[in-house]
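Written below as structure tokens is the structure these notes are about.
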2 protein chains.
Amino acid sequence: MGAAKTRQTGALRSRNARGEGEKLRGEIIDAAVKVLSALGPEDPFSLRSVAKMAKIAAPSVYIHFADRNVLLLAVLEKLFAEQVAIRATAETDAAKAGGGAWERLLARSVASVRFGLEHPGHYKVLFEGRVVPRLNDPRIASFGRPLLVRSIELIREIPSQPKRVSDDPERLSLLLWSGLHGVVSLRINKPTLDWPPATELAEQITRTIIQPKVRKQSLAPR
Amino acid sequence: MGAAKTRQTGALRSRNARGEGEKLRGEIIDAAVKVLSALGPEDPFSLRSVAKMAKIAAPSVYIHFADRNVLLLAVLEKLFAEQVAIRATAETDAAKAGGGAWERLLARSVASVRFGLEHPGHYKVLFEGRVVPRLNDPRIASFGRPLLVRSIELIREIPSQPKRVSDDPERLSLLLWSGLHGVVSLRINKPTLDWPPATELAEQITRTIIQPKVRKQSLAPR
């Protein structure tokens with residue numbers, strides 16, 4: 001009975017500790033995102049700077065992340081999961097407004113560009129070699145895959161003009177990604193130029209690559 | 001007469017010195033380009049590192065460039081002038097092969113993407129915020145302007161399909177630039193993904209945005 005109690009107490013303790021640990025782990029990842037987003041072109045990314053941002057002692061970071069690269073991988077995983085969620089929300093809203101595959105794809109495009117403009121630091125971490133060149137982990141490639149997969153699915157559903165540049169939805173989704181990335185990246189990196197609204201460019205790029213046959217009634221309330 | 005001789009000698013000396021100075025100035029800029037191209041995500045860019053690369057003493061750099069930013073501006077000016085030359089050569093080749101405005105624009109597009117893939121370090125300096133965020137000089141915006149201006153001129157000349165996403169050649173040139181930049185930037189920054197050939201994507205992006213009415217005979221020898 002004493003042993004059982006100890007085991008039980010131990011289990012409870014361990015559960016608490018794990019809960020606390022998960023919480024701290026999340027806080028460290030959040031702090032790392034903040035550090036990365038604010039990084040100047042020559043600032044180092046160190047676990048020490050993350051600990052400072054999270055207001056914890058440096059050794060606490062090492063309990064959760066063996067080294068910098070393990071933490072950077074967790075950061076990427078989290079930011080890509082957020083991208084999946086942001087675009088799913090945009091798509092759901094478009095669907096609620098009566099939008100078909102085209103309107104949903106467009107909503108995703110605009111949401112991704114808007115995110116980039118509002119969070120240029122995060123965007124650079126995700127898509128501009130702010131982090132990836134520091135890592136050498138094959139899992140990276142899988143983090144963003146759901147974004148492309150959903151884009152391919154929607155493109156497959158969209159009734160199109162006869163003159164699309166390719167019949168392959170996967171190719172079209174890569175072209176679309178390139179176009180949208182170009183809009184955000186140039187807007188961020190060439191701030192001295194006089195740009196038209198990026199969301200307008202994003203819609204035009206999406207429209208020209210996908211060439212949808214838009215049925216106007218699809219946006220009418222059902 | 002003695003005074004005249006002195007003036008003459010002085011003038012000669014000064015001419016020689018200027019010639020040497022120009023040569024050294026060019027070597028320093030070349031060294032700076034090399035340093036920037038090879039820069040890791042956390043390496044600092046210092047005049048000291050440039051002097052080391054150029055194999056000269058640090059004070060010699062300061063004779064020509066008051067500070068880091070003056071040198072960075074000269075680097076950008078040189079690299080953009082090179083872009084103008086590279087694209088002009090591509091265009092001339094296309095014209096020699098009998099190409100009209102469309103083939104010339106396409107040749108420029110492909111040349112710019114090929115440059116980015118072959119010189120990712122230079123490309124990042126030019127278009128990816130490797131340098132520009134460090135500078136605050138309005139002249140930067142003018143360096144790349146000839147590239148856009150030529151693109152607009154060619155777009156204006158291209159007979160097109162009725163369904164271009166915009167009638168404004170300036171807007172089309174921004175969309176084209178965004179698309180091409182996206183192709184190079186993603187290819188550079190997402191090396192773990194399995195990309196189709198970037199020049200193929202570049203041609204598809206250019207074709208879909210510009211929607212040319214291609215007259216096949218334009219490529220036949222005249």
Side-chain angles (χ1 to χ4, degrees), chain A residues 39-46 120 124 127-138 140-141 144-145 148 161 163-166 170-172 174-196 198 200-205 207-211, chain B residues 39-46 120 124 127-138 140-141 144-145 148 161 163-166 170-172 174-196 198 200-205 207-211:
Chain A
L39 223 54
E42 290 175 7
D43 300 337
F45 174 78
S46 64
K124 280 171 176 277
F127 299 113
E128 262 200 7
R130 192 76 192 194
V131 163
V132 171
R134 303 168 199 238
L135 294 173
N136 184 21
D137 191 301
I140 296 172
R145 186 72 197 155
L148 270 180
Q161 305 286 345
K163 295 230 169 187
R164 269 187 187 168
V165 74
S166 166
E170 182 136 5
R171 172 62 61 97
L172 290 169
L174 287 177
L175 289 168
L176 179 58
W177 184 22
S178 300
L180 294 172
H181 171 66
V183 167
V184 181
S185 172
L186 286 183
R187 188 67 195 72
I188 293 175
N189 291 315
K190 300 286 173 190
T192 56
L193 293 187
D194 186 24
W195 289 100
E200 203 179 300
L201 294 180
E203 170 162 356
Q204 289 182 325
I205 286 258
R207 193 174 291 281
T208 195
I209 289 170
I210 305 305
Q211 306 253 9
Chain B
L39 223 54
E42 290 174 8
D43 301 338
F45 174 78
S46 64
K124 279 172 177 277
F127 299 112
E128 262 202 6
R130 190 77 193 195
V131 164
V132 173
R134 304 170 199 237
L135 293 174
N136 183 21
D137 192 300
I140 296 172
R145 187 70 198 159
L148 270 180
Q161 305 286 343
K163 295 230 170 187
R164 268 186 187 168
V165 75
S166 166
E170 183 137 3
R171 172 62 61 96
L172 289 170
L174 287 177
L175 289 168
L176 178 58
W177 183 22
S178 300
L180 295 172
H181 171 66
V183 167
V184 181
S185 172
L186 285 182
R187 187 68 196 72
I188 292 175
N189 291 316
K190 299 286 173 189
T192 56
L193 293 188
D194 186 23
W195 288 100
E200 203 179 301
L201 293 180
E203 170 162 356
Q204 290 182 326
I205 287 257
R207 192 174 293 280
T208 196
I209 288 171
I210 305 305
Q211 307 254 8

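What you are looking at is a predicted structure, and each value in this text was computed from that prediction instead of being measured.
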Does the side chain of B:Leu180 reach to within under 4.5 Å of the side chain of B:Val184, using non-hydrogen atoms? no

Need one label for A:Trp195: side chain, backbone, both or neither, based on atoms under 4.5 Å from any heavy atom in chain B. side chain

Rounded to the nearest 0.5 Å, how far apart are OG of B:Ser166 and CD1 of B:Ile209? 11.0 Å

Under the criterion side-chain contact (heavy atoms from CB on, under 4.5 Å), I'd like the reasoning laid out for B:Arg171 against A:Leu201: C-alpha separation, chi angles, the key distance, then a yes or no. CA-CA 9 Å; B:Arg171 172 62 61 96; A:Leu201 294 180; 3.5 Å; yes

Test item: A:Thr208 side-chain N/O and B:Thr208 main-chain N/O as donor-acceptor pair under 3.5 Å: yes

Side chain from CB out, backbone as N, CA, C, O: work out which of these in A:Glu203 comes under 4.5 Å of a heavy atom of chain B, or both, or neither. neither

Assert top hit (heavy-atom pairs under 4.5 Å, partner chain A, pool B:Arg187, B:Glu200, B:Arg164) equals B:Glu200

Selection from A:Gln211, A:Arg207, A:Arg145, A:His181 maximising heavy-atom pairs under 4.5 Å formed with chain B: A:His181

Testing the 3.5 Å rule here: is there a donor-acceptor pair between the side chains of A:Asn189 and B:Lys124? no

Please classify the contact between A:Leu193 and chain B as side chain, backbone, both or neither, with a heavy-atom cut-off of under 4.5 Å. side chain

Given the options B:Gly182, B:Ser185, B:Gly179, B:Ala141, which has more heavy-atom pairs under 4.5 Å with chain A than any of the others? B:Gly182

